[in-house]
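Lettering follows sequence order; numbering is per chain, from 1.
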Number of protein chains: 2
Amino acid sequence: MGKQKILDSDLLEGLAKVFRSKGYDGANLSELSIVTNLKKASLYHRFPDGKKEMAEAVLIHIEEWVDKNIFDPLENKKVSPKKRLKNALIEIYNSYNGGKDNCIFRALSLEPGSELFQEKIGIGIQKWISAFEKLGLALNFTEEKSHEYAVQTLIDIQGSLVLTKGLNSTKFFENALKGIESRYLER
Amino acid sequence: MGKQKILDSDLLEGLAKVFRSKGYDGANLSELSIVTNLKKASLYHRFPDGKKEMAEAVLIHIEEWVDKNIFDPLENKKVSPKKRLKNALIEIYNSYNGGKDNCIFRALSLEPGSELFQEKIGIGIQKWISAFEKLGLALNFTEEKSHEYAVQTLIDIQGSLVLTKGLNSTKFFENALKGIESRYLER
DNA sequence: GTCTATAGCTAGATAGAC
DNA sequence: GTCTATCTAGCTATAGAC
């Protein structure tokens, strides 16, 4: 908790970039060293448990970013639910670089990352679902429908990112975000 | 093409199991050797270009399996479109082991696999979309709607697999398949 | 066509100077 | 707190006997 305050966020974003694109096994210390402008020994000074601790710190950093920039605004009752959703979708669009960047959850879902980070990933996804459930309730949907829409929102984001990567076209991600907006707001 | 005929399909399924769960970088020759009951040198005898060629052979093998067991039945005009869809969904359910197994496209979408196999993955995903587009047309949907439903089918499968893995619950995958069936058949 | 043995290299991780 | 230098283990890949 307090530890992250000391760490430079540029450092963590450099690490995140590598883990997102290469996964846990694919990320190697030479590249992590280059993107952070720190030699390997310096990385080990900051992360005594090595690569595993670096990936965990990245997950925590991203969670904090999402809390602050997506979830908190999504629950801000001073703003209309409609406007909250639109803002959140813009942040989501930007955080995935328009669909060109992978999701850290997906990148770390392959072994051996899946065992190492399963719990953190599960909590992270659950938080996304909860945030969109609250949006649904704010729009006067039933609990059941709020849950259904929230799950489908996550599926649309994750699925469209897979297609965007596999077919090398960001239109799938862009259309998915539009579809999410329609599902919540068109009625 | 002819080469795959010689290769034992058990061998390729062993290789596939490792690549699906670990990705390209995470799959190492020691484990590939164990699951195939072949020593490393024997694997190199069969795949002179090494790990890259093994992953390519796996992609080809899976494509052939999908053609035969999912796409061909999905276009078989002797069977009603409704029944075709139901059969295809059962095959899809089984081929992902009820949601517990990863998709090979997703596993190979991280670097360095993404550059090595981008083309094959793109063609593979496009084939899935085409197959479901034809189903939509057989159900008398417009071309536009057929395309939209086909893309959403892929998104639902891929996205629900991510949630299934991340939240360690196959219900997301199961519900996604039910949702796909409803979308095509309920009207 | 399968094996044992090993080359050549790079990975993650550490020691110790500054 | 960062560095250079280095360790050991694991990696991909190959040589050559059978």
Side-chain angles (χ1 to χ4, degrees), chain A residues 2-59 61 104 107-108 110-117, chain B residues 2-59 61 104 107-108 110-117:
Chain A
K3 211 171 186 181
Q4 279 71 39
K5 302 294 177 191
I6 307 169
L7 296 166
D8 186 1
S9 87
D10 283 348
L11 169 63
L12 286 168
E13 273 150 38
L15 297 177
K17 190 181 164 191
V18 180
F19 282 115
R20 282 171 75 153
S21 62
K22 307 213 163 185
Y24 186 69
D25 235 283
N28 65 66
L29 283 164
S30 300
E31 186 168 3
L32 293 171
S33 167
I34 290 169
V35 296
T36 56
N37 288 311
L38 283 175
K39 299 297 177 186
K40 292 183 205 175
S42 303
L43 282 174
Y44 274 91
H45 176 77
R46 298 184 178 228
F47 305 98
D49 278 351
K51 198 162 84 159
K52 180 174 186 296
E53 188 175 350
M54 296 178 211
E56 279 171 352
V58 165
L59 276 172
H61 179 68
I104 186 81
L108 295 181
L110 294 175
E111 296 172 27
S114 53
E115 307 102 43
L116 294 174
F117 311 114
Chain B
K3 213 172 184 181
Q4 279 72 40
K5 301 294 175 189
I6 308 170
L7 296 166
D8 185 2
S9 87
D10 284 349
L11 169 64
L12 287 168
E13 274 150 38
L15 296 177
K17 191 181 163 188
V18 179
F19 282 114
R20 283 171 74 153
S21 61
K22 308 213 164 185
Y24 186 71
D25 234 287
N28 64 65
L29 283 164
S30 299
E31 187 169 3
L32 294 171
S33 167
I34 291 169
V35 296
T36 55
N37 287 311
L38 282 176
K39 299 297 178 186
K40 293 181 204 175
S42 303
L43 283 174
Y44 274 91
H45 176 77
R46 297 185 178 227
F47 304 98
D49 278 350
K51 197 161 87 160
K52 179 174 186 296
E53 189 176 349
M54 297 179 211
E56 279 172 351
V58 164
L59 276 172
H61 179 68
I104 186 79
L108 295 181
L110 295 174
E111 296 172 28
S114 54
E115 307 102 43
L116 294 173
F117 312 114

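Atom CG of B:Asp25 and atom C1' of D:dG10 are 13 Å apart (whole Å). Between the NE2 atom of B:His45 and the P atom of D:dG16 there is a distance of 17 Å, rounded to whole Å. Between B:Leu15 atom CG and D:dT12 atom P the separation is 13 Å, expressed in whole Å. The distance from atom CE of B:Met54 to atom C1' of D:dC11 is 13 Å, rounded to the nearest whole Å. Rounded to whole Å, atom C1' of D:dT2 lies 15 Å from atom CG of A:Asp8. Atom CG in B:Leu29 sits about 16 Å away from atom P in C:dT2, given to the nearest Å. The CG-C1' distance, from A:Leu32 to C:dT10, rounds to 14 Å in whole Å. C:dT2 atom P lies 9 Å from atom CG of B:Leu11, rounded to whole Å.
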- Verify salt bridge (charged side-chain N to carboxylate O under 4.0 Å, His left out) between B:Lys17 and B:Glu13, making sure each step is shown before the conclusion. CA-CA 6 Å; B:Lys17 191 181 163 188; B:Glu13 274 150 38; over 6 Å; no
- Check the pair B:Lys22 / B:Glu31 against salt bridge (charged side-chain N to carboxylate O under 4.0 Å, His left out), numbers first and verdict last. CA-CA 11 Å; B:Lys22 308 213 164 185; B:Glu31 187 169 3; 2.9 Å; yes
- Query: What's the verdict on side-chain contact (heavy atoms from CB on, under 4.5 Å) for A:Arg20 and A:Leu108, showing C-alpha distance, side-chain angles and the deciding distance?
  - Reply: CA-CA 8 Å; A:Arg20 282 171 75 153; A:Leu108 295 181; over 6 Å; no
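Between B:Ala27 and B:Lys51, the closest heavy-atom pair is O-NZ, 2.7 Å. In terms of heavy-atom proximity, B:Leu110 sits nearest to A:Ala107 at CD1-O, 3.6 Å.
Contact annotation: B:Ser30 reaches the phosphate of D:dC11 (side-chain N/O to OP1 or OP2, under 4.0 Å).
Contacts between residues 33-44 of chain B and DNA chain C, defined by a heavy-atom separation under 4.0 Å, are made by B:Leu38, B:Lys39, B:Ala41, B:Ser42.
Under the 30°/60° scheme for interplanar angles, the aromatic rings of B:Phe19 and B:Tyr24 are found to lie parallel.
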